[in-house]
A.B. asks: 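Quick one: this structure, given as structure tokens, is what I'll be asking you about.
In what follows, residues are counted from 1 in the order of the sequence shown.
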Amino acid sequence: MNLPDIETVSASVHDAWVQTKRAQGITTRKSETGEELMVEYDQLSEEAKELDRNSVRAVYAAIESLTKEKRS
């Protein structure tokens with residue numbers, strides 16, 4: 001299966017998260033280290049970006065697992 005680039009999808013996931021929070025009236029969200037997370041993806045630290053990447057990897061793993069099950 002040919003899935004989109006993790007970095008591209010991670011940026012989209014992060015942007016959607018920020019938009020959702022703003023729609024809920026939330027204007028700030030800090031990480032455990034105090035980093036502001038409600039910024040553009042390219043402004044995040046590598047540590048914060050890795051959180052989004054891990055979410056995408058988990059979804060990709062689930063998709064791949066389901067795809068393999070259907071082939072069996």
A.B. asks: Treating Ile, Leu, Val, Met, Phe, Trp and Tyr as nodes and any side-chain heavy-atom pair under 4.5 angstrom as an edge, say whether Tyr41 and Ile6 lie in one connected cluster.
C.D. replies: no
A.B. asks: Is any side-chain N of the basic residue among Glu36 and Arg29 closer than 4.0 Å to the acidic one's carboxylate O?
C.D. replies: no
A.B. asks: Please report, to 0.1 Å, the donor-acceptor pairs under 3.5 Å made by any side chain of residues 16-23, with sequence neighbours excluded.
C.D. replies:
{"unit_1": "Thr20", "atom_1": "OG1", "unit_2": "Ala16", "atom_2": "O", "d": "2.9"}
{"unit_1": "Arg22", "atom_1": "NH2", "unit_2": "Met38", "atom_2": "O", "d": "3.4"}

A.B. asks: Between side-chain atoms of residues 51-59 and protein atoms elsewhere (two or more places apart, or another chain), which donor-acceptor pairs fall under 3.5 Å?
C.D. replies:
{"unit_1": "Asp52", "atom_1": "OD2", "unit_2": "His14", "atom_2": "ND1", "d": "3.3"}
{"unit_1": "Arg53", "atom_1": "NE", "unit_2": "Glu7", "atom_2": "OE1", "d": "2.7"}
{"unit_1": "Arg53", "atom_1": "NH1", "unit_2": "Glu46", "atom_2": "OE1", "d": "3.1"}
{"unit_1": "Arg53", "atom_1": "NH1", "unit_2": "Glu50", "atom_2": "OE1", "d": "3.0"}
{"unit_1": "Arg53", "atom_1": "NH2", "unit_2": "Glu7", "atom_2": "OE1", "d": "3.3"}
{"unit_1": "Arg53", "atom_1": "NH2", "unit_2": "Glu7", "atom_2": "OE2", "d": "3.1"}
{"unit_1": "Arg53", "atom_1": "NH2", "unit_2": "Glu46", "atom_2": "OE1", "d": "3.1"}
{"unit_1": "Asn54", "atom_1": "OD1", "unit_2": "Arg57", "atom_2": "NH1", "d": "3.0"}
{"unit_1": "Asn54", "atom_1": "ND2", "unit_2": "Glu50", "atom_2": "O", "d": "3.3"}
{"unit_1": "Ser55", "atom_1": "OG", "unit_2": "Leu51", "atom_2": "O", "d": "3.3"}
{"unit_1": "Arg57", "atom_1": "NH1", "unit_2": "Glu50", "atom_2": "OE2", "d": "2.6"}

A.B. asks: Do you know which two heavy atoms are closest between Tyr60 and Pro4, and how far apart they sit?
C.D. replies: OH-O, 2.6 Å
A.B. asks: Does Thr67 reach the main-chain N or O of Ile63 with its side chain, forming a donor-acceptor pair under 3.5 Å?
C.D. replies: yes
A.B. asks: Take atom CD in Glu47; do more than 12 heavy atoms of anything else shown fall under 6.0 Å from it?
C.D. replies: no
